[in-house]
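Structure first, then comments.
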Amino acid sequence: MPSPSPFPTSPERAPAIAVAGLTLLYGGTPLYDGFSAEFPAGRTTALLGRSGVGKSTLLKAIAGLAPAQAGRVTDGGGADLTGRVAYMDQKPLLMPWLSVLENVTLGARLRGERADTARARAILAEVGLAGRERDRPAALSGGMRQRAALARTLMEDKSAVLMDEPFSAVDAITRLELQALAVRMLAGRTCLLVTHDPLEALVLADRIHVLEGAPVRLSPALEPDAEGAGAPPRAPADAAVRPLLDRLIGSLRGAETVP
Ligand SMILES: Nc1ncnc2c1ncn2[C@@H]1O[C@H](COP(=O)(O)OP(=O)(O)OP(=O)(O)O)[C@@H](O)[C@H]1O
């Protein structure tokens, strides 16, 4: 009998992610000022923007980890998202005193649940870390630590997933493999993906926004499928992807730089 997938389809219906009236100041300057946006249920939305514009802060605010002065995050129908969201930080944030396997099963143990170590091992194998389960994070390369953090996020099996540059530290081939894995595991979930790479956004996302300005504004969504590029994952060299890449690079060039 084939072994069950370590990525079961989430039993819960994926929520939309609706941000309403987000206001957040750093040093007295509003980074977000009454910002509202809705990201559709069951879809992957990529967020691009120049360095420092506020992409990570938006993800953190949605995860409840940024010090917002005002604003509400709901499923689009008024219910909050508590317990339904997995968040992967830009930095791997692994506990240095725990093994890789213990880091991946940390969420369950913090909740007082029995950790499913068989599933954790299967996910670690999927991200290319089979055989490294007992290592401490310090014994891993930067890219391996990022993959361990990705495994911990996948382990959470939430219907909404926030990922901040999840593939930035890995080599080109590993990146392609992890992108394919992400498409498989994110199917049916609501995902917000922060990336610096417009091509990565075009490979993975159903919708793409560029963040710009201070306070932040969101560009209208680019929907590659509606532009004839098909559904993700898209081949980076696909002829329909190229003009969209040019368009996104143009939007990023034209975006107001952040002081
Ligand atoms: N904890 C903090 N305290 C003060 N300022 C902060 C804090 N976190 C972020 N900022 C500031 O908020 C702005 C947006 O930061 P953020 O990390 O969200 O940008 P980003 O678009 O994700 O950047 P990058 O692409 O370089 O990761 C920056 O000017 C940054 O210096």
Side-chain angles (χ1 to χ4, degrees), residues 17-39 44-73 81 85-94 141-143 145-150 152-153 160-172 174-175 178-179 182 186 190-205 207-222 245 247-259:
I17 297 176
V19 181
L22 173 65
T23 295
L24 191 151
L25 288 77
Y26 279 134
T29 309
L31 186 63
Y32 286 90
D33 189 5
F35 174 93
S36 297
E38 181 159 338
F39 305 107
T44 293
T45 301
L47 302 175
L48 290 165
R50 303 292 290 265
S51 187
V53 71
K55 303 179 296 297
S56 297
T57 302
L58 179 58
L59 239 52
K60 286 194 179 114
I62 292 169
L65 300 171
Q69 277 72 31
R72 187 149 186 243
V73 181
L81 293 172
V85 179
Y87 168 71
M88 180 177 169
D89 197 275
Q90 201 171 11
K91 298 182 282 305
L93 301 182
L94 301 171
S141 72
R145 284 198 281 273
Q146 199 173 29
R147 284 186 269 155
L150 176 63
R152 187 176 56 191
T153 308
V161 183
L162 313 175
M163 300 172 116
D164 196 347
E165 297 184 49
F167 316 120
S168 59
V170 296
D171 66 85
T174 304
R175 177 184 280 225
L178 292 182
Q179 286 172 339
L186 293 172
T190 309
C191 177
L192 287 186
L193 171 75
V194 164
T195 174
H196 274 136
D197 180 355
L199 188 55
E200 180 166 276
L202 284 165
V203 168
L204 293 179
R207 292 160 68 95
I208 303 169
H209 290 283
V210 174
L211 276 63
E212 67 167 320
V216 175
R217 302 181 304 275
L218 209 59
S219 72
L222 173 70
L245 180 61
R247 220 200 294 174
L248 282 177
I249 291 172
S251 305
L252 287 165
R253 274 221 178 91
E256 264 171 64
T257 45
V258 181

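We count ligands from 1, going down the list as the structure has it; atoms in each ligand are counted the same way.
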- [ ] Using distance alone, determine whether Gly54 and ligand 1 share an N or O pair under 3.5 Å.
- [x] yes
Task: Contact with ligand 1 for Gly52, non-hydrogen, under 4.0 angstrom - done: yes
Open item on the list: Show the atoms of ligand 1 that are less than 4.0 angstrom away from any heavy atom in Glu165.
Closed with: 27 (O)
Open item on the list: Whether the side chain of Glu212 engages the backbone of Ser219 through a donor-acceptor N/O pair (distance < 3.5 Å, no angle test) should be reported.
Closed with: no
- [ ] Name the option, out of Leu47, Thr57, Leu48, that contains the heavy atom nearest to atom 16 (P) of ligand 1.
- [x] Thr57
Open item on the list: Below a 4.0 angstrom heavy-atom separation, can you tell me which part of Leu31, side chain or backbone, both or neither, approaches ligand 1?
Closed with: side chain
Task: Sub-4.0 Å atoms of ligand 1 with respect to non-hydrogen atoms of His196 - done: 24 (P), 25 (O)
TODO: Could you grab the distance from atom CG of Leu58 to atom CG of Leu22, nearest 0.5 Å is fine?
DONE: 7.0 Å
Open item on the list: So which atom in Val53 and which in Val216 form the shortest heavy-atom distance, rounded to 0.1 Å?
Closed with: O-CG2, 3.1 Å
- [ ] Identify the two heavy atoms, one from Gln90 and one from Ser56, that lie closest to each other, and give their separation to 0.1 Å.
- [x] OE1-OG, 3.5 Å
Task: Contact atoms of ligand 1, heavy-atom distance to Gln90 under 4.0 Å - done: 27 (O)
Task: Ligand-residue contact atoms, ligand 1 with Lys55, heavy atoms, under 4.0 Å - done: 18 (O), 19 (O), 20 (P), 21 (O), 22 (O), 23 (O), 24 (P), 25 (O)
Task: Least distance between heavy atoms, Met163 atom then Leu150 atom - done: CE-CD1, 3.2 Å
Task: Heavy-atom donor-acceptor pair, Glu200 side chain to Ser168 backbone, under 3.5 Å - done: no
